[in-house]
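Shown next, in structure tokens, is the structure this report addresses.
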Amino acid sequence: MRAAVDACRGLRLLRQEPWECLASFICSSTKQIVQIRQIVRELAGAFGEPVAAPADRGPLHAFPGPAALASAGEAALRACRLGFRAPYLLDAAERVVDGRLDLEAVGRMPTVEAREALMSVDGVGPKVADCVLLFAYGRQDAFPIDVWVRRALAELYFPKARRLRPERLARFSTVHFGPYGGYAQQYLFHHIRLRAGRVGPTPTARVTPTGGSEDGR
DNA sequence: CTCCAGGTTATAC
DNA sequence: GTATAACATGGA
């Protein structure tokens, strides 16, 4: 993996606030990263509290809390280009508001339980749950397998395989990469996207999952 | 126009 | 158990 490592020195894993992370990744399914960032910005602009911003930037808004989104209603969420993900995000917000999902308690659970708790939300499957575990809760063994990581694994580790079941890749990732698999996942992600020309070859290595909560220009 | 995008779910063999 | 379509929206 030397090529990937060389092209990405200084890579870090984020520790995002759990709700923002969960909500952002719920918005992420079958969306391009640039569009996910757009959705997050729209949600912040529509429902988030203003925060202090430099004069040369546009108005900044914090990512809206679960209560703000729960009371927004599905139609208002759809207006932020969420499409079929709107009811998913709404379900997540309502669960957090009424306590069925306690994001603080999730942080104290063993990883397997935490994963199940996250996946109780409609629209949260294995990949999104693993992203939240890795990017919000710091579970460095979490190994989110998205379309890019799947390609990287298939190409680098199973070049002969005709068809790779998700469960097969999941099992391989845990036994092969172990407790710091999350870092390996990030390098694989960056490597395969770099090679595909989807990201510039800058060595800044700022691999951001969804973009954060800024609403500026 | 067709295909794909940091997936998940419902439905049918 | 496994396979496939549908889900909104926008960009390539």
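Atoms considered below: every heavy atom in the structure, side chains included; atoms not considered: hydrogens, waters and symmetry mates. Residue numbers start from 1 in every chain, and the chains themselves are labelled A, B, ... in the order their sequence lines are given, proteins ahead of strands.
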Would you be so kind as to tabulate the donor-acceptor pairs closer than 3.5 Å made by side chains of residues 116-131 of chain A, with sequence neighbours excluded?
residue, atom, partner, partner atom, Å
A/Ser120, OG, A/Ala117, O, 2.6
A/Asp130, OD1, A/Arg115, NE, 2.7
A/Asp130, OD2, A/Arg115, NH2, 3.3

Between side-chain atoms of residues 137-144 of chain A and protein atoms elsewhere (two or more places apart, or another chain), which donor-acceptor pairs fall under 3.5 Å?
residue, atom, partner, partner atom, Å
A/Tyr137, OH, A/Leu103, O, 2.7
A/Arg139, NH1, A/Met109, O, 3.0
A/Arg139, NH1, A/Thr111, OG1, 2.9
A/Arg139, NH2, A/Gly107, O, 3.0
A/Arg139, NH2, A/Met109, O, 2.9

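Residue pairs meeting the salt bridge (charged side-chain N to carboxylate O under 4.0 Å, His left out) criterion with at least one partner in residues 166-176 of chain A, sequence neighbours excluded, do not occur; the list is empty.
To the nearest 0.5 Å, the span separating CD1 on A/Ile26 from CG on A/Leu82 amounts to 10.0 Å. Here the CZ-CD distance, from A/Phe63 to A/Gln16, works out to 9.5 Å after rounding to the nearest 0.5 Å. Of the inter-residue distances, the one linking A/Phe177 atom CZ with A/Tyr187 atom OH reads 13.0 Å to the nearest 0.5 angstrom. Between the CD atom of A/Gln185 and the CG atom of A/Leu188 there is a distance of 7.5 Å, given to the nearest 0.5 Å.
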Polar-atom pairs under 3.5 Å, protein N or O versus N or O of nucleotides 3-5 of chain C: list them with distances, or write none.
residue, atom, partner, partner atom, Å
C/dA3, OP1, A/Arg163, NE, 3.4
C/dA3, OP1, A/Arg163, NH1, 2.7
C/dA3, OP1, A/Arg163, NH2, 2.6
C/dA3, OP2, A/Arg163, NH1, 2.7

Distances under 3.5 Å between nitrogen or oxygen atoms of protein and nucleotides 9-13 of chain B:
residue, atom, partner, partner atom, Å
B/dT9, OP1, A/Gly123, N, 3.1

Distances under 3.5 Å only, N/O to N/O: pair up the protein atoms with those of nucleotides 9-12 of chain C.
residue, atom, partner, partner atom, Å
C/dT9, O2, A/Lys31, NZ, 2.7
C/dG10, OP1, A/Arg81, NH1, 2.6

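One interatomic measurement links the two molecules: CG of A/Leu89 to C1' of C/dA8, which rounds to 15 Å at whole-angstrom precision. Separating the NZ atom of A/Lys127 from the P atom of B/dA5 is a distance of 13 Å, rounded to the nearest angstrom. Across the protein-nucleic acid pair, A/Arg150 atom CZ and B/dA5 atom C1' stand 12 Å apart, rounded to whole Å. The CD atom of A/Gln16 sits 16 Å away from the P atom of B/dG6 (whole-angstrom rounding). In this structure, A/Glu42 atom CD and C/dA8 atom P are separated by 18 Å, rounded to whole Å. Between the CG atom of A/Leu22 and the C1' atom of B/dT8 there is a distance of 14 Å, rounded to whole Å. A straight line from CD1 of A/Ile36 to C1' of B/dC4 spans 13 Å, rounded to a whole angstrom. Between the C1' atom of B/dT8 and the CG atom of A/Asp91 lies a distance of 13 Å, rounded to the nearest Å.
With sequence neighbours excluded, the residues satisfying salt bridge (charged side-chain N to carboxylate O under 4.0 Å, His left out) with A/Arg95 are A/Asp91. Applying the salt bridge (charged side-chain N to carboxylate O under 4.0 Å, His left out) criterion to A/Arg195, with sequence neighbours excluded, gives A/Glu155. The side chain to side chain contact (heavy atoms under 4.5 Å, CB included) test applied to A/Glu17 returns A/Trp19, A/Glu20, not counting sequence neighbours. Every side chain to side chain contact (heavy atoms under 4.5 Å, CB included) that A/Pro87 has, sequence neighbours left out, goes to A/Glu74, A/Arg78. Partners of A/Phe158 under the ring pair (Phe, Tyr, Trp, His ring centres under 6.0 Å) rule, at least two apart in sequence or in another chain, are A/Phe172.
We find that the ring of A/Phe84 and the base of C/dA6 do not stack by the test of centres under 5.5 angstrom and planes tilted less than 30°.
Using a distance-only test at 3.5 Å, with no hydrogens or angles considered, no donor-acceptor pair links the side chain of A/Arg15 to the main chain of A/Leu13. In this structure a side-chain-to-backbone donor-acceptor pair under 3.5 Å is present from A/Arg85 to A/Ser29.
Residues from residues 139-148 of chain A that place a heavy atom under 4.0 Å from any atom of DNA chain B, listed by number: A/Asp146, A/Val147, A/Trp148.
Only the P atoms considered, B/dC3 is 14 Å distant from C/dA6, to the nearest whole Å. When the P atom is compared between B/dC4 and C/dA5, the two are found 13 Å apart, to the nearest whole Å. Rounded to the nearest Å, the gap between the P atom of B/dT8 and that of C/dG11 is 24 Å. Here the separation of C/dG10 from B/dT9, taken at their C1' atoms, is 22 Å to the nearest Å.
Note on A/Glu167: nothing from the nucleic acid sits closer than 4.0 angstrom, heavy atoms only.
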